[in-house]
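For reference, the structure is listed below as structure tokens.
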There are 2 protein chains.
Amino acid sequence: MKRFERTAVTLNDAFDCFAGQHLPAGAPATLVQQLRALASMHTVPRRQMTTLDVTRDHLVFVAHGPTKLVAFDPAGEGQIVAFQFCGDCLTLPREGLYTYRLVAIRAASLLVFEAEALRALERRAPMLNEVLARCSLAALQRTRANLVAMGRRSATERVASFLLSMREIEQVAQADGRTLTLEMTRKEIADCLGLTVETVSRQFSKLRDLGLIATPSRTQVRLSDPVRLAAQAGAFAPAA
Amino acid sequence: MKRFERTAVTLNDAFDCFAGQHLPAGAPATLVQQLRALASMHTVPRRQMTTLDVTRDHLVFVAHGPTKLVAFDPAGEGQIVAFQFCGDCLTLPREGLYTYRLVAIRAASLLVFEAEALRALERRAPMLNEVLARCSLAALQRTRANLVAMGRRSATERVASFLLSMREIEQVAQADGRTLTLEMTRKEIADCLGLTVETVSRQFSKLRDLGLIATPSRTQVRLSDPVRLAAQAGAFAPAA
DNA sequence: CGCCCTATTGATCTGAGTCAAATTATGTGG
DNA sequence: CCACATAATTTGACTCAGATCAATAGGGCG
């Protein structure tokens, strides 16, 4: 439960965080050095998207700040594919049928590897295999889970489970452990959940009327009754 | 009259097919032999699902016959995650939040590898890395594309793009190149697209009334006007 | 204070789900 | 080959969740 509070994360900090979470303990120092040399640091301001070479695949480690992976179709419509949080790894594929971009929900620090270079290193250091395989498998799992979730859930289920999963993730909760600060507008939440602003707003009102949440300010939400809230979230209550 | 099933794909046939498509040309014979020893052959009758050990991950190569990957939530509801066709590889994860099963749309032949054994072999033969990495990446791409498609598409868009993508895939098209034989019931199509039978049926009727398709029999569909059909499919018109 | 942006609330509209019934294949046994 | 049983498909009538359109109410800040 280490949290990365600092806003200015250096490459080395981020890399250490990455190494600690994803590299096996017995990794030789030279390999770690080689990897570090491949990493580049990107700081993405709130609501901005990454500006990476879209003709190449990248592996991205989210060192700090929540991000979302958005797919843009040829018509320029964006659709959220997945969320990533501090500590997650993801593959950012090159431009294809869709153009994928990583968007920072709040200011984010990313450790970026060019996939081709990584593969080359991997050939020389097979130890990396499992690391990378685990990353893509995890990403696949997340995306599949997301797909299922996206399938046929009601607006209430979406909003309730969104709030609960935010609580899981955000350690920015207040002392009472129930109040969280969403640094997102209703519009952003709506996009995340595939709903409209109005529907999200109505769901907030409904949950407030039911006494399950309170909204002291525009950005703060207090989960007054997490248990009944989880009931509203339906089958997809976060595993806690 | 049952469509004649090209039965009895042998393990060796299937493996050769796999090797041809996924193994690099320069793979040493001994490695190929080792891999072959890990493969097991599964023939899944139409509409049946795989019965694999759900406590283990598997890598599956679809040697013959279209299949779908279905996720069952704790309540037993199934949701389609992806389609695979002849030549595709996919990861079938062990039981977790969801239980994943591979369902044969028509009779299918699968080449199954136990993931742990494969990883062990991979450690000794790093050449496999790229093969497996490419597989998971492809699976991730498919799933992400599916997620986007699932996002906010109307029933008409879904059905139109479904028909067009079936044309891409099915080589069972008649001589005129426009008539295809769907070996799926409306129910199965509906599940695939996250719709109900009735809605699918209505969409077929609508497209028929518009003169874009014709339905000579229950299972046959002729794409009379693929261009206008693609227009109905919206932004997600299959590339080709 | 007035401006602009976000959020809420209300009034309709609409697409797809649901329920129910009619219609058409696909068998099956005689 | 026919009659009947059964399953698959189509169609119609109705409902409802969520989108859309439109108006109102707060902030934050110059």
Side-chain angles (χ1 to χ4, degrees), chain A residues 46-47 77-80 105-106 149-163 180-210 212-222 232-234 236, chain B residues 1-3 46-47 77-80 105-106 149-163 180-210 212-222 232-234:
Chain A
R46 180 163 189 220
R47 265 163 237 197
E77 284 296 305
Q79 160 85 39
I80 302 222
I105 292 173
R106 293 204 295 274
M150 207 60 167
R152 302 233 216 176
R153 286 161 64 233
S154 70
T156 308
E157 287 171 326
R158 291 178 204 220
V159 171
S161 63
F162 170 79
L163 288 174
L180 50 92
T181 305
L182 303 174
E183 304 257 6
M184 305 165 71
T185 66
R186 296 285 185 269
K187 176 76 173 74
E188 288 174 301
I189 299 173
D191 286 343
C192 293
L193 302 175
L195 300 170
T196 60
V197 221
E198 294 94 330
T199 301
V200 171
S201 184
R202 272 184 253 272
Q203 293 304 326
F204 269 78
S205 303
K206 178 183 151 191
L207 294 174
R208 200 186 320 111
D209 293 348
L210 288 171
L212 306 188
I213 65 171
T215 52
S217 88
R218 198 168 275 194
T219 55
Q220 291 196 310
V221 181
R222 188 159 52 80
Q232 295 283 332
F236 182 68
Chain B
M1 213 94 311
K2 283 279 101 102
R3 252 184 152 324
R46 184 168 187 213
R47 262 163 242 198
E77 285 295 306
Q79 159 86 39
I80 301 225
I105 291 173
R106 295 203 295 273
M150 209 59 167
R152 301 233 221 175
R153 287 165 60 235
S154 70
T156 308
E157 288 171 326
R158 291 178 204 221
V159 171
S161 64
F162 170 79
L163 288 174
L180 49 93
T181 305
L182 303 174
E183 303 259 4
M184 305 164 72
T185 67
R186 297 284 185 270
K187 176 78 174 73
E188 287 174 302
I189 298 173
D191 286 343
C192 293
L193 302 175
L195 300 170
T196 59
V197 222
E198 294 95 330
T199 301
V200 171
S201 183
R202 273 184 254 272
Q203 293 305 326
F204 270 79
S205 302
K206 178 183 150 192
L207 294 175
R208 200 185 321 112
D209 293 347
L210 287 171
L212 307 189
I213 64 171
T215 52
S217 89
R218 197 166 273 194
T219 56
Q220 291 195 310
V221 181
R222 187 160 51 79
Q232 293 285 331

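Every heavy atom of this structure was used, including side-chain atoms; hydrogens, water molecules and symmetry mates were not. As the structure is a prediction and not an experimental result, all values here were calculated from the model. Every chain is numbered from 1, with letters handed out A, B, ... down the list of sequences.
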State which of C/dA16, D/dA19, C/dA25 makes the closest approach to the side chain of B/Arg218. C/dA25
Side chain of A/Thr185 only, please: which of C/dA7, D/dA19, C/dT18 is the nearest? C/dA7
Which whole-number value in Å describes the distance from [X] [atom1] to [N] [atom2]?
X: B/Lys187; N: D/dT10; atom1: NZ; atom2: P; answer: 15 Å
X: B/Arg153; N: C/dA16; atom1: CZ; atom2: P; answer: 11 Å
X: A/Ile189; N: C/dT8; atom1: CD1; atom2: P; answer: 9 Å
X: B/Leu193; N: C/dA16; atom1: CG; atom2: C1'; answer: 13 Å
X: A/Leu195; N: D/dT20; atom1: CG; atom2: P; answer: 11 Å
X: B/Glu157; N: C/dA16; atom1: CD; atom2: C1'; answer: 14 Å
X: A/Phe204; N: C/dA7; atom1: CZ; atom2: P; answer: 9 Å
X: A/Lys206; N: D/dG18; atom1: NZ; atom2: C1'; answer: 12 Å

On the nucleotide [N], are OP1 or OP2 found under 4.0 Å from the side-chain N or O atoms that [X] carries?
X: B/Thr199; N: C/dG17; value: yes
X: B/Ser201; N: D/dT10; value: yes
X: B/Thr196; N: C/dG17; value: yes

Between A/Glu198 and A/Thr156, who's closer to the 5' end of DNA chain D by nearest nucleotide? A/Thr156
Out of curiosity, [X] [atom1] to [Y] [atom2], how far, rounded to the nearest 0.5 Å?
X: B/Ile189; Y: B/Thr199; atom1: CD1; atom2: OG1; answer: 13.0 Å
X: A/Ile105; Y: A/Met184; atom1: CD1; atom2: CE; answer: 4.5 Å
X: B/Arg208; Y: B/Arg202; atom1: CZ; atom2: CZ; answer: 13.0 Å
X: B/Gln203; Y: B/Leu193; atom1: CD; atom2: CG; answer: 10.0 Å
X: B/Phe162; Y: B/Leu195; atom1: CZ; atom2: CG; answer: 10.5 Å

Check: D/dT10 base within 3.5 Å donor-acceptor of B/Arg186 side chain: no
Looking only at N and O atoms, is any donor in the side chain of B/Arg202 or the base of C/dT18 less than 3.5 Å from an acceptor on the other one? yes
Quantified as the angle between the terminal helix axes (five pairs each), what is the overall bend of the helix from C/dC1-D/dG30 to C/dG30-D/dC1 to 10 degrees? 30°
With heavy-atom distances below 4.5 Å as the criterion, would you say the side chains of A/Leu212 and A/Leu163 are in contact? no
Any side-chain heavy atom of A/Val159 within less than 4.5 Å of one from A/Lys206? no
Any donor and acceptor pair, going by atom type alone, linking the side chain of B/Ser161 with main-chain N or O of B/Glu157 inside 3.5 Å? yes
What nucleic acid atoms does B/Ser217 come within less than 4.0 Å of, heavy atoms only: base, sugar-phosphate, or nothing? nothing
Considering every strand and a 4.0 Å limit on heavy-atom distances, what is the contact class for B/Ser205: base, sugar-phosphate, or nothing? sugar-phosphate
